[in-house]
Novice: 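Take a look at this one; I'll ask things after.
Naming: A, B, ... by sequence-line order, numbering from 1 per chain.
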Number of protein chains: 2
Amino acid sequence: MSYILVTGGAGYIGSHTVIELVNHGYKVVIVDNLCNSSYDAVARIEYIVKQHVPFFNVDLRDSDALDKVFKQYDIQGVIHFAALKAVGESTKIPLQYYDNNIGGTISLLNVMKANSVKTVVFSSSATVYGDATRFENMIPIPEHCPNDPTNPYGKTKYMIEQILKDIHTADNQWRSAILRYFNPIGAHPSGLLGEDPLGIPNNLLPYLAQVAIGRRDKLSIFGNDYDSHDGTPIRDYIHVVDLAKGHISALNYLNKLETGEGLFREWNLGTGKGSTVFDVYHAFCKAVGRELPYEVAGRRGGDVLNLTANATRANTELKWEATLSVEDACKDLWKWTTENPFGFNIDNYKWQVFNDDKSDYSNRLHTVSFANGFKVSLANRGALLQSVVKNGTSVVCGFQDPSRYIEKSNPFFGTTVGRVANRIGGAKFELNGNTYQLAANEGANTLHGGFHGYDKQTFFGPVAKQEKNGDKVVNTFLFKYEDKDGNNGFPGDVECVIKYTVDDESVGIEFIGSHLETSPAEATVINLTNHSYFNISGTDSTDGTVVKAITNTQLEVDDSLLPTGKFVPTHTDITKPTKIGPDCAFDYCFVVNEAGSGIDTRSDELKPVLEATHPNTNIKLVAATTDPAFQLYTGTGIDTPGFKPRSGFCVENSRFVNAINVPEWRKQVIVKRGETYGSKAKYTFVDA
Amino acid sequence: MSYILVTGGAGYIGSHTVIELVNHGYKVVIVDNLCNSSYDAVARIEYIVKQHVPFFNVDLRDSDALDKVFKQYDIQGVIHFAALKAVGESTKIPLQYYDNNIGGTISLLNVMKANSVKTVVFSSSATVYGDATRFENMIPIPEHCPNDPTNPYGKTKYMIEQILKDIHTADNQWRSAILRYFNPIGAHPSGLLGEDPLGIPNNLLPYLAQVAIGRRDKLSIFGNDYDSHDGTPIRDYIHVVDLAKGHISALNYLNKLETGEGLFREWNLGTGKGSTVFDVYHAFCKAVGRELPYEVAGRRGGDVLNLTANATRANTELKWEATLSVEDACKDLWKWTTENPFGFNIDNYKWQVFNDDKSDYSNRLHTVSFANGFKVSLANRGALLQSVVKNGTSVVCGFQDPSRYIEKSNPFFGTTVGRVANRIGGAKFELNGNTYQLAANEGANTLHGGFHGYDKQTFFGPVAKQEKNGDKVVNTFLFKYEDKDGNNGFPGDVECVIKYTVDDESVGIEFIGSHLETSPAEATVINLTNHSYFNISGTDSTDGTVVKAITNTQLEVDDSLLPTGKFVPTHTDITKPTKIGPDCAFDYCFVVNEAGSGIDTRSDELKPVLEATHPNTNIKLVAATTDPAFQLYTGTGIDTPGFKPRSGFCVENSRFVNAINVPEWRKQVIVKRGETYGSKAKYTFVDA
């Protein structure tokens with residue numbers, strides 16, 4: 001399997017291009033030094049494309065590190081975005097621009113050459129033309145327009161073009177596609193990716209977006225006395241998704257050359273249609289739904305009337321054309337802006353790699369903290385809850401060392417459990433006339449989804465967001481896992497999304513299992529939960545914790561812990577305060593709703609089903625769920641270093657145990673193609 | 001003391017510029033990665049300027065190593081030559097050109113910036129203009145001529161100019177002088193430095209020089225149908241020494257700017273006078289003294305009629321003007337070519353650093369070997385003879401470890417001895433009415449020049465050359481030491497040159513002490529020798545060596561080993577074969593010529609004065625000298641680890657011991673201002 005290496009793949013245009021590459025069947029490796037971008041973009045790319053995209057935090061100038069990537073993956077070609085790109089900044093710190101952009105490119109080309117990779121799509125810019133209005137008949141600007149960049153940024157692009165040109169002249173097997181961008185605008189229609197607006201935006205639309213959300217007062221329009229229909233200058237604005245697709249077209253074009261045939265060719269990527277500043281302003285105001293404040297200021301030095309692309313060459317040779325409008329771009333930008341007002345930036349949130357190999361970002365530990373000291377950490381593996389700290393006390397069992405999570409003795413600490421939590425009797429079930437034989441991983445039964453359950457999977461994401469309402473801060477984290485038909489013997493393609501909602505006293509978990517429309521199976525079975533072990537004692541034992549539940553009814557189980565189908569009272573009436581400990585242990589499925597439930601309970605009442613306190617602390621845990629049952633497990637079987645029996649207890653919301661094999665309960669867990677399984681749980685930690 | 005850092009200072013133009021810098025009072029540090037140059041150039045620079053010039057074998061792209069140089073020396077400004085520079089090669093390996101030239105410059109500028117060094121003279125080229133004949137009125141080419149380089153080499157120069165320009169725009173304290181060279185030709189008038197003609201020369205004169213010495217058949221003249229007086233194209237050829245001086249003018253110009261004032265400015269360095277190919281051809285033929293073969297071939301693609309500099313800006317602003325003619329250049333080139341037909345390249349010669357600090361090239365060990373296995377090693381410290389190997393037998397005592405030479409127990413192994421070898425009684429002497437009191441470093445006397453004699457000095461050079469006459473190969477090595485007035489108490493400035501002449505059986509040593517015309521003293525005293533210990537036994541003892549001398553007369557000495565003035569026969573008649581050993585030891589000054597000698601004996605007969613054999617080997621040593629005496633010392637006092645008493649014996653040619661204090665002998669050693677002391681010794685190792 002060969003890969004396309006994308007440098008700067010975490011950046012604005014890079015991230016959109018990675019998505020299009022994957023959409024067009026390419027495998028991608030991203031290299032980015034994150035000096036002006038965020039790994040969150042990569043996490044969101046994976047979330048969107050539902051594939052792992054290998055990422056390396058490598059500066060291109062580090063040839064040795066870059067060479068390792070080329071040695072590790074079979075790289076077929078490179079799309080080279082990585083560059084500093086602010087025109088104004090480039091005039092202030094030109095040496096850094098030359099170092100990063102040209103130095104980085106030379107290093108990249110050296111490594112490519114050493115690895116016999118000779119295909120490159122280069123992210124150039126219409127900036128190389130400089131003021132094309134100096135020449136006769138050069139608007140719209142064709143590729144043969146003389147180059148004369150007027151700032152260090154543009155010069156770096158120009159020089160890199162020259163380098164690629166000379167390399168091709170020296171070795172005509174090199175294939176270089178030079179893509180000269182006009183004015184990229186917009187964002188990904190998903191609302192998950194866009195330009196990360198650090199600092200004061202230099203470009204029209206990002207600025208306008210900040211005016212719209214109140215981060216800037218008003219737009220300044222530099223000159224309204226140009227010879228255009230409304231007096232403002234004309235530029236060629238291209239939707240970033242169209243631009244991204246242009247890279248695929250260029251790459252395909254290079255890949256279709258004859259074996260051994262090289263190329264050096266420039267293509268403008270623009271719409272070929274000019275828009276004035278006012279055109280764009282009005283389009284964006286329409287997207288926002290109100291007029292935005294602006295003022296007309298004097299002309300800006302260096303600005304000219306019209307810089308529109310002649311995109312004919314790309315249209316005809318690459319069979320590529322911009323199809324999205326300025327209006328589309330404004331709509332997508334506004335969605336991105338409203339849903340991510342500060343881009344990828346989230347206050348009081350940090351992450352660290354949560355693998356032994358610190359260069360592997362796939363499993364990370366995400367920690368959000370609050371003014372009152374409440375702190376929650378989540379990891380990609382199993383979309384697990386690794387830690388909750390309340391009043392300085394750790395109230396959830398978890399490992400500091402990521403490798404502990406893959407040990408056999410790990411009792412499912414904090415993890416999501418699926419595709420079917422708890423036991424499936426005889427490791428099989430029937431559905432729509434088919435018998436599905438599963439792996440029996442606990443005696444004759446299947447426990448927690450089998451040998452390769454969700455607890456052992458690395459979830460994509462998270463899509464991390466933050467909302468603030470006065471002092472109230474709410475963080476959400478979306479994790480995603482693609483559970484394919486046949487995994488662990490289960491039928492049907494299921495997309496599992498775990499959404500954590502964290503505020504300064506609670507951790508909410510939304511369990512979503514979509515049985516995809518494209519699934520090969522008519523129906524499947526889903527039962528999701530989270531397997532956190534709570535401990536509010538402030539010690540390493542929960543002994544003495546006082547619990548009080550909403551129900552005293554449990555599912556009766558046989559010797560192999562499978563329900564008999566009967567509801568029975570438990571050994572101690574836990575609707576009254578009950579002190580748990582060695583003499584009062586539980587591992588039963590308690591029934592909140594004897595009638596069971598439908599597939600998606602998310603709009604049902606989020607019912608408090610159990611509360612717990614401990615005399616050592618003044619912390620009270622309230623567990624709530626929309627599910628018809630919960631497993632109360634007081635941790636008798638914990639047997640992993642650093643913890644002991646009863647170091648934690650679980651309150652696992654779920655459907656009834658083995659429901660798929662009990663006729664009256666089956667509807668709780670059967671999810672037809674196109675349907676979505678859903679439930680919620682919430683763990684609140686309040687002062688007792 | 002602040003320094004000018006010269007990158008590429010070992011190269012053609014760089015080395016000439018370093019010399020001019022030193023001549024103009026600048027202190028210089030050289031950085032060069034020697035990828036296309038030779039350290040021999042640096043050795044010769046030091047030899048010419050008689051100053052140590054710190055050198056670092058550092059690639060500019062190694063920022064850390066470069067930064068260390070900036071930290072070690074107070075760098076005031078940089079003259080930046082380091083670059084790959086062959087136009088044709090640049091079209092074949094452009095990436096290496098961009099990497100080396102642009103990558104190196106960016107790294108250099110980063111390090112300069114980090115060290116607050118903002119003055120740079122940049123080695124650019126008229127190549128940046130490309131074909132200036134495209135434009136009206138641009139011949140001779142002025143600095144404002146549009147740039148359009150047509151090859152990667154020229155583009156790197158153009159891009160670096162752009163980078164420097166942008167850096168100055170961003171921070172106007174930067175001072176950049178861009179020097180655009182036309183066609184540098186010629187060599188240093190000393191014949192010691194010039195263009196090292198590796199490979200097939202691309203330029204007219206180096207090619208012609210190789211035709212002249214028979215390395216190439218004939219010159220090809222590309223086109224004789226141009227519109228010039230003789231039909232060949234016109235270029236602006238500038239003597240490399242003129243060019244070098246242009247850098248000093250530019251540096252002085254920058255240094256005279258007001259404090260805090262910056263500059264970015266380009267200057268053409270050319271003569272402003274065009275010469276045709278035939279003009280140059282004829283001038284060189286005249287220098288050589290005969291017509292050289294040539295043929296007229298067709299025009300070469302890209303060539304144009306006339307590319308002459310308009311040098312007015314440099315003439316008026318820098319007050320610089322080329323003063324040397326094409327004829328001067330041809331004469332100097334021919335001298336360089338005949339005296340160094342293969343440039344710095346010498347067959348069967350290698351050197352290694354001979355210091356504990358391997359980055360310090362000042363003291364090196366130079367080894368030349370011959371087809372018959374004869375091998376000789378010399379070091380800069382003391383211009384010493386470290387090793388002679390004859391028939392696989394080491395016949396000279398020496399240390400492998402350079403640090404051994406600075407130990408107190410080192411009995412002057414192999415070294416040059418001066419300013420006055422042997423003893424000066426009472427550590428003083430009278431000369432022209434002055435009494436000179438020296439340091440008494442052996443009892444009441446001064447031995448071997450005092451505490452800081454020539455044996456402890458690092459000699460400049462060597463100027464290493466090789467002559468071949470059929471199978472006969474002769475290597476010469478010139479070392480130089482500047483012994484200033486007052487050193488060790490001696491009067492007068494003495495320039496000491498030690499010239500080794502090595503062939504496949506002998507080591508000749510020429511001792512030259514020039515009492516400089518500029519010396520503050522009217523006269524001084526000189527007596528030079530070499531203190532090698534020979535051992536032809538093949539063991540660690542010379543016992544049993546049979547010596548036979550030309551004379552049995554020695555200087556009579558008193559108890560403090562000072563001559564009484566009388567000649568006496570020695571204890572054993574060594575004009576007959578005499579077996580030396582514990583019972584037959586010598587440490588006497590034998591007299592070859594009782595009448596003494598004049599100051600410069602070099603044209604006297606090189607007389608064999610002693611021969612030695614040993615029954616263990618069939619090696620016979622013959623020691624010859626032009627001097628009136630020699631000290632035969634059989635090594636009784638050797639007391640240094642690895643050696644023992646009588647591990648070697650010395651035959652030290654010299655003037656009479658303490659001659660300066662014996663009226664009849666004084667003339668042997670008194671050297672008046674402007675006079676030159678000279679003598680020769682030769683040690684031949686033949687089959688017995």
Side-chain angles (χ1 to χ4, degrees), chain A residues 60-64 84 87-114 117-118 120 128 130 134 146-172 174 176 264, chain B residues 59-63 84 87-114 117-118 120 128 130 134 146-172 174 176 264:
Chain A
L60 295 186
R61 289 164 293 185
D62 184 349
S63 314
D64 293 343
L84 298 176
V87 167
E89 185 185 57
S90 81
T91 64
K92 293 188 181 66
I93 52 169
L95 187 52
Q96 282 167 256
Y97 271 68
Y98 288 111
D99 191 356
N100 189 84
N101 296 9
I102 296 191
T105 300
I106 289 171
S107 171
L108 169 67
L109 294 171
N110 272 326
V111 174
M112 287 176 68
K113 194 179 164 198
V117 178
K118 296 184 177 181
V120 59
V128 299
R134 290 163 308 153
N147 290 359
D148 189 14
T150 56
N151 57 69
Y153 163 70
K155 287 183 196 173
T156 67
K157 294 295 180 186
Y158 170 75
M159 291 176 187
I160 293 167
E161 287 194 11
Q162 294 294 312
I163 293 171
L164 290 169
K165 187 178 197 174
D166 289 336
I167 287 176
H168 173 258
T169 304
D171 172 1
N172 61 19
W174 274 83
S176 293
F264 172 87
Chain B
D59 190 301
L60 294 187
R61 291 164 292 185
D62 183 348
S63 315
L84 298 175
V87 167
E89 184 185 58
S90 81
T91 64
K92 294 187 180 67
I93 52 169
L95 187 52
Q96 282 167 255
Y97 271 69
Y98 288 112
D99 190 355
N100 189 86
N101 295 9
I102 296 190
T105 300
I106 288 171
S107 170
L108 170 66
L109 293 172
N110 272 326
V111 173
M112 286 176 67
K113 195 178 162 196
V117 178
K118 297 184 177 181
V120 58
V128 300
R134 291 164 308 155
N147 290 359
D148 188 14
T150 57
N151 56 70
Y153 163 70
K155 287 183 196 173
T156 66
K157 294 294 178 186
Y158 170 74
M159 291 177 187
I160 293 167
E161 287 194 11
Q162 295 294 311
I163 292 171
L164 290 169
K165 188 179 195 170
D166 289 337
I167 287 176
H168 173 257
T169 304
D171 172 1
N172 61 18
W174 274 82
S176 294
F264 172 86

Novice: Of B:Ile167, B:Ile160, B:Ile106, B:Ile102, which meets side chain to side chain contact (heavy atoms under 4.5 Å, CB included) against A:Tyr98?
Specialist: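 Only match with A:Tyr98 under side chain to side chain contact (heavy atoms under 4.5 Å, CB included): B:Ile106.
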Novice: As an exercise: rank B:Pro152, B:Ser107, B:Gly103 by heavy-atom pairs under 4.5 Å with chain A and give me the winner.
Specialist: B:Pro152
Novice: Could you measure the distance from the OG1 atom of A:Thr105 to the CG atom of B:Leu95? Nearest 0.5 Å is fine.
Specialist: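 The distance works out to 10.5 Å.
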Novice: Counting only heavy atoms not in A:Lys118, do more than 12 fall under 6.0 Å of its NZ?
Specialist: yes
Novice: If I take atom CE from residue A:Met159 and atom CD1 from residue B:Ile163, how far apart are they, to the nearest 0.5 angstrom?
Specialist: 5.0 Å
Novice: Sort A:Lys92 into side chain, backbone, both or neither according to what part of it lies under 4.5 angstrom from a heavy atom of chain B.
Specialist: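 For A:Lys92, the backbone is the part near chain B, not the side chain.
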Novice: Quick one, A:Tyr97 with B:Asp166, criterion side-chain hydrogen bond (donor to acceptor under 3.5 Å, both in side chains). Give me CA distance, side-chain angles, the key distance, then yes/no.
Specialist: CA-CA 10 Å; A:Tyr97 271 68; B:Asp166 289 337; over 6 Å; no
Novice: Starting at NZ of A:Lys113, measure out to CD of B:Gln96 and round the result to the nearest 0.5 Å.
Specialist: 5.5 Å
